[in-house]
Number of protein chains: 2
Amino acid sequence: MNASRTARERVRAELISEIKEVARRQLAVEGASGLSLRAVARELGMVSSAIYRYFPSRDDLLTALIIEAFDAIGAATENADASCPRDRHLDRWMSVCRAIRTWALAHPHEYALIHGSPVPGYVAPEDTAAPAARDGIVLAGILRDAHEAGKLAPPPAGLPPAPPSFAADAEQLREALFAPLSDDVILLALEGWTHIYGTVSFELFGMYRNVIEQDRAAAFDHVALTQAHILGLDTPTPAA
Amino acid sequence: MNASRTARERVRAELISEIKEVARRQLAVEGASGLSLRAVARELGMVSSAIYRYFPSRDDLLTALIIEAFDAIGAATENADASCPRDRHLDRWMSVCRAIRTWALAHPHEYALIHGSPVPGYVAPEDTAAPAARDGIVLAGILRDAHEAGKLAPPPAGLPPAPPSFAADAEQLREALFAPLSDDVILLALEGWTHIYGTVSFELFGMYRNVIEQDRAAAFDHVALTQAHILGLDTPTPAA
DNA sequence: GACGAAACGAGAGCGCTGCTCTTGACGACG
DNA sequence: CGTCGTCAAGAGCAGCGCTCTCGTTTCGTC
């Protein structure tokens, strides 16, 4: 309906995504602090000030890349989840966890962008909230499905219960994500989520140097499997 | 014995620590990427090039700060451990875990320096290895003491065993840190260590925004307690 | 006690950065 | 056809890490 106006807007949108692509490539090579607006402009054959027509500041470019990174890891988890039969809850969990690690190893700088130290005075804008939640939605969905199918075992005995102060947060999370699950399971789910990313970050940021050297994939699987057990996802699947 | 030579060397050492202190203060305000050699020099009333007499590059200054941060968090854990009776293994564990979180919350930028994304092409020099290991030594010591006292329960049933590929790494770690503990316990200890720091990082880097808002200290305690249980540290202490 | 070497602070300067402001050209719309 | 918004370009500002040079001061040694 607006092919005329679109002519301009389309070239604009194209240029924006071209800038982001060049920036992402530069980010992958040099890391976040090495991303230079001038270098991006140079590679695009334009002058540095022209970039400011599309991104009001370097931080805004970085924010765009952060959103893309969240979306990429979110899509990776969703694909991993969808590639498993819906009733194989443990397989889905393991597949999603491995997808997170695989994506992180393949895109270390982008991973660092979203799970590393936040840049100096940077506060994540609201735009990042939705893309950042996609992995959580996937993981919570697995737990919900398992619960609905009656395949979610209760947490092992001996674990401490969720503290009473968690009740309010749990209620919020239950409404948004966790269907009918108990406070205890919701808290354990958050901890599993934290543990998975903590393990990936430790591996990626070099904390396992001289600590785990042989087979980090196997060690990661052990973490994911342990969390699955704690969450009650490893009820024996009906034999063949 | 060398007051003459010391005259120069003492003022040098003093200037070095003065530079580090100013840099640390600047780091605390602006974060790692905001640390500027010129600003440090300015605050010290000297010219920027003079700094290079003491630190050959900005990265070397950062490395010095990283080592200091590792040492600070190492000392915090050691103090927390020492403040508990030696046979109260669970108390020691909880105290050390809380000390890590407390230190991190009090020094967010220094924490980010050592547990955030590594700077661009930066590889940690060997000098950081020893200070970086102090917290691990403390945590491993608690497990060793508990085991020696016959108070370390075996891991809960149902958890996956350590993968065979971990045996070699476990052997190295056993020699260095973990006395006679089994591969399974060593791997679980690494995972507990990872989980603790992962939780602190998530809290500090804003991942719990709109997720855990009420009482993050209690949630953290729950993590630490859960890990203690998995590691077998929560055998009921002899009544009173 | 004098001398050479080493260490030092100051200053100028290189190339880079993010960002701002102005200028002139192009394209869409009334 | 004229007007107005959008655009790329260029100059320029302040800051950065880092290097080199130049006098000065301090130290260890004849």
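Below, chain A is the first sequence line, B the second, and so on; all start at residue 1.
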Exercise for the section: Measure up the A:H115 and B:F202 rings against each other and bin them: parallel (under 30°), tilted (30 to 60°), perpendicular (over 60°). Expected result: parallel
Practice task
May I ask you to decide if the ring planes of A:W103 and A:H107 are parallel, tilted or perpendicular, using 30° and 60° as cut-offs?
Solution key: parallel
Reckon [X] touches a base, only the sugar-phosphate, or nothing at all at heavy-atom distances under 4.0 Å?
{"X": "B:S57", "value": "sugar-phosphate"}
{"X": "A:L61", "value": "nothing"}
{"X": "A:L15", "value": "sugar-phosphate"}

Exercise for the section: Run the salt-bridge test on A:R174 and A:E171 with the 4.0 Å N-O cut-off and return the result as yes or no. Expected result: yes
Taking only N and O in the side chain of [X], is any of them less than 4.0 Å away from OP1 or OP2 of [N]?
{"X": "B:S49", "N": "C:dA10", "result": "no"}
{"X": "B:R58", "N": "D:dG17", "result": "yes"}
{"X": "B:R12", "N": "C:dC8", "result": "yes"}
{"X": "A:R42", "N": "C:dT17", "result": "yes"}
{"X": "A:S48", "N": "C:dT17", "result": "no"}

Check the distance between [N]'s [atom2] and [X]'s [atom1] and give it to me in whole angstrom.
{"X": "A:Y52", "N": "C:dT17", "atom1": "OH", "atom2": "P", "value": "11 Å"}
{"X": "B:Y54", "N": "C:dG9", "atom1": "OH", "atom2": "C1'", "value": "8 Å"}
{"X": "A:I19", "N": "D:dA8", "atom1": "CD1", "atom2": "C1'", "value": "12 Å"}
{"X": "B:E18", "N": "C:dC8", "atom1": "CD", "atom2": "P", "value": "15 Å"}
{"X": "A:M46", "N": "D:dA8", "atom1": "CE", "atom2": "P", "value": "4 Å"}
{"X": "B:I51", "N": "C:dG9", "atom1": "CD1", "atom2": "P", "value": "9 Å"}
{"X": "B:E9", "N": "D:dG28", "atom1": "CD", "atom2": "P", "value": "8 Å"}
{"X": "B:L35", "N": "D:dG15", "atom1": "CG", "atom2": "P", "value": "17 Å"}

Problem - Nearest-nucleotide 5' precedence on DNA chain D, A:G45 against B:A39 - result: A:G45
Practice task
Would you mind telling me which residue lines up with the more 5' stretch of DNA chain C, A:S36 or A:R53, judged by nearest nucleotide?
Solution key: A:S36
What's the shortest heavy-atom distance between [X] and [Y], and which atoms?
{"X": "B:Q26", "Y": "B:G34", "result": "OE1-O, 4.0 Å"}
{"X": "B:T77", "Y": "B:D135", "result": "OG1-CA, 3.9 Å"}
{"X": "B:I51", "Y": "B:A41", "result": "CG1-CB, 3.7 Å"}

Problem - Helical bend (five base pairs per end, nearest 10°) for the helix from C:dG1-D:dC30 to C:dG30-D:dC1 - result: 0°
Problem - Residue pair A:S57 / A:D60, side-chain donor-acceptor N/O under 3.5 Å - result: yes
Exercise for the section: Measure the spacing between CD1 of B:I66 and CG of B:L113 and express it to the nearest 0.5 Å. Expected result: 4.5 Å
Give every donor-acceptor pair under 3.5 Å between a side-chain atom in residues 13-22 of chain B and any protein atom, sequence neighbours left out.
from, atom 1, to, atom 2, distance (Å)
B:S17, OG, B:E14, O, 3.0
B:K20, NZ, B:E68, OE2, 3.3
B:E21, OE2, B:R25, NH1, 3.4

Exercise for the section: Measure the shortest side-chain to side-chain distance between B:C84 and B:W93 over non-hydrogen atoms and say whether it is less than 4.5 angstrom. Expected result: no
Practice task
Give, ordered by number, those residues of residues 20-28 of chain B having at least one heavy-atom distance below 4.0 Å to an atom of DNA chain D; if nothing qualifies, reply none.
Solution key: none
